[in-house]
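Everything numeric here is computed off the predicted structure, so don't read it as measured data. Values reported hereafter were calculated over all heavy atoms of this structure, with side chains retained and with hydrogens, waters and symmetry mates removed.
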2 protein chains.
Amino acid sequence: MTKLLKRLPVLPIERAIRTISGRWKAVILYHLLDGPKRLSELNRLVPSVTQKVLVQQLREMEAHGLVSREVFRQVPPRVDYSATPLGLSLEPVMLALCDWGQRHAEALDEVDAIADCIVRPVNT
Amino acid sequence: MTKLLKRLPVLPIERAIRTISGRWKAVILYHLLDGPKRLSELNRLVPSVTQKVLVQQLREMEAHGLVSREVFRQVPPRVDYSATPLGLSLEPVMLALCDWGQRHAEALDEVDAIADCIVRPVNT
DNA sequence: TCCCATACGCACCAAAAGGTAAGCATGACC
DNA sequence: GGTCATGCTTACCTTTTGGTGCGTATGGGA
């Protein structure tokens, strides 16, 4: 675990960017915003990510306090990953990033392949 | 220039993160928020960045539409880099990231070495 | 016994990223 | 001629990142 805990930058913006900028991290966190997920679930939700990188990124987000990991004593093995309150507090930031990303695509005339910005399902 | 223009992700949030997550990019953009800067100026403002990486990141931000570059016909050579309107539109997002970064440092008890979040000087 | 689902870990590798240490070009000035 | 300031460019290198392709462990069920 200490191997994972790379020192974060001193500058707050660099720090924030560092915590969410690894491959698949934003996607992973997006899926954890609406509840705990098992590794296998996340793998099914994000088919293109390799298990190795998925575990790696989850472990890193855990080390940075965005994600918590709960191990159940059962077989088959069960481990739930959840967004921590700190991780959840990233939602508006992620939304801002997403809105801007869409704006950026429009500005560069690349709207053809741009996706939506629903970060968390609307609770009814 | 085509060598620099790496395809941006389809997902808006990944796209946004990709445009600002390179080394020194946030710092560079921060300095451009309050007006055009020459390469040498930026180098003095951010002494730790190497010229090679500075140029590289500026060129990439230019390719992504965040930064514009104006070449003057003079000697010594003069090139001004400015934040584009699109680049300027990142300011609130950067502020959100910065606020969150500070919050993150507090949450992890690492407030000792955290910096401020003044993104652009207050116009009086 | 085998197969299943789950959650990892490891060895290896290619590509990407960032950095060091040069070099070149320009015109102006001495 | 040399020096200056500026803005690059290049070669080389190290480190980091993300991926491929295995392997291991657990208990339950057939």
Side-chain angles (χ1 to χ4, degrees), chain A residues 1-9 11 14 17-28 31-32 36-64 67-82, chain B residues 1-9 11 14 17-28 31-32 36-64 67-82:
Chain A
M1 185 64 80
T2 51
K3 194 188 289 187
L4 270 181
L5 194 55
K6 188 163 166 96
R7 180 161 232 101
L8 290 165
L11 204 60
E14 285 189 331
I17 289 166
R18 176 69 184 79
T19 62
I20 59 174
S21 66
R23 186 86 170 100
W24 306 112
K25 277 193 181 173
V27 180
I28 293 167
H31 285 295
L32 293 182
K37 299 281 186 295
R38 304 173 69 166
L39 196 71
S40 49
E41 265 187 284
L42 287 169
N43 238 330
R44 279 190 289 270
L45 289 167
V46 194
S48 303
V49 67
T50 64
Q51 201 180 25
K52 180 243 184 180
V53 171
L54 181 57
V55 169
Q56 196 169 283
Q57 304 296 45
L58 282 164
R59 288 302 183 95
E60 198 169 296
M61 284 193 278
E62 185 192 2
H64 289 154
V67 165
S68 63
R69 179 170 168 274
E70 185 178 3
V71 184
F72 296 76
R73 299 185 68 88
Q74 72 169 56
V75 168
R78 174 178 176 181
V79 179
D80 276 6
Y81 290 90
S82 311
Chain B
M1 186 62 77
T2 51
K3 194 189 289 188
L4 272 182
L5 194 55
K6 189 166 167 91
R7 184 162 229 100
L8 289 167
L11 203 59
E14 285 189 332
I17 290 167
R18 175 69 185 79
T19 62
I20 59 173
S21 65
R23 186 88 168 100
W24 305 113
K25 278 192 182 175
V27 179
I28 294 167
H31 285 295
L32 293 182
K37 300 281 185 295
R38 304 173 69 165
L39 196 71
S40 48
E41 266 187 283
L42 287 168
N43 238 328
R44 280 189 291 270
L45 289 167
V46 195
S48 305
V49 67
T50 64
Q51 201 181 24
K52 181 246 186 177
V53 171
L54 181 56
V55 168
Q56 197 171 283
Q57 303 296 46
L58 282 165
R59 287 304 182 96
E60 199 170 299
M61 283 192 280
E62 185 192 1
H64 289 153
V67 166
S68 64
R69 178 169 168 275
E70 185 179 3
V71 183
F72 296 76
R73 300 185 67 86
Q74 72 169 58
V75 168
R78 174 177 176 182
V79 179
D80 277 6
Y81 291 90
S82 311

For residues 41-53 of chain B, please give each side-chain donor-acceptor pair under 3.5 Å, one per line with the distance, not counting sequence neighbours.
from, atom 1, to, atom 2, distance (Å)
B/Glu41, OE1, B/Arg38, N, 3.1
B/Thr50, OG1, B/Val53, N, 3.2

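To the nearest angstrom, P of C/dG9 lies 12 Å from CG of A/Leu58. Rounding to whole angstrom units, CD of residue A/Gln56 and C1' of D/dG19 are separated by 10 Å. Counting to the nearest Å, the C1' atom of D/dT16 and the CD atom of A/Glu60 are 11 Å from each other. Separating the NZ atom of A/Lys25 from the P atom of D/dT17 is a distance of 9 Å, rounded to the nearest angstrom. One can place CZ of A/Arg23 at 13 Å from C1' of C/dA15, the figure rounded to the nearest angstrom. The nearest whole Å value for the distance from the CG atom in A/Leu54 to the P atom in D/dT17 is 17 Å.
Among the nucleotides D/dG19, D/dT17, C/dG18, the one closest to the side chain of A/Arg18 is D/dT17.
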Exercise for the section: Would you please test B/Leu58 and B/Glu62 for side chain to side chain contact (heavy atoms under 4.5 Å, CB included) and show each step? Expected result: CA-CA 6 Å; B/Leu58 282 165; B/Glu62 185 192 1; over 6 Å; no
Exercise for the section: Could you give me the CA-CA distance, side-chain angles and deciding distance for B/Val79 and B/Leu39, then say whether side chain to side chain contact (heavy atoms under 4.5 Å, CB included) is met? Expected result: CA-CA 7 Å; B/Val79 179; B/Leu39 196 71; over 6 Å; no
Practice task
Walk me through it: do B/Gln57 and B/Glu60 pass the test side chain to side chain contact (heavy atoms under 4.5 Å, CB included)?
Solution key: CA-CA 5 Å; B/Gln57 303 296 46; B/Glu60 199 170 299; 4.3 Å; yes
Handout entry: Verdict with supporting geometry, A/Glu14 and B/Arg23, side chain to side chain contact (heavy atoms under 4.5 Å, CB included)
Key = CA-CA 9 Å; A/Glu14 285 189 331; B/Arg23 186 88 168 100; 4.2 Å; yes
Practice task
Summarise protein proximity over nucleotides 2-11 of chain D in one line of letters, 5' to 3': B for base, S for sugar-phosphate only, - for none, counting protein heavy atoms closer than 4.0 Å.
Solution key: ---BBBB-B-
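Put simply, B/Gln57 has a side-chain N or O that comes within less than 4.0 Å of OP1 or OP2 on C/dG18.
Judged as a side-chain contact (heavy atoms from CB on, under 4.5 Å), and not counting sequence neighbours, B/Pro76 has no contacts. Evaluation of the salt bridge (Lys or Arg N to Asp or Glu O under 4.0 Å) rule for A/Arg69 yields no partner, not counting sequence neighbours.
Between A/Ser21 and A/Gln74, the residue anchored nearer the 5' end of DNA chain D, judged by the nucleotide with its closest heavy atom, is A/Ser21.
Between its two ends, the helix from C/dT1-D/dA30 to C/dC30-D/dG1 turns its axis by 30°, counting five pairs per end and rounding to 10 degrees.
B/Trp24 places none of its side-chain heavy atoms less than 4.5 Å from the side chain of B/Leu54.
The two atoms that bring A/Asp80 and A/Pro36 nearest to each other are OD2-CB, 4.2 Å, heavy atoms only.
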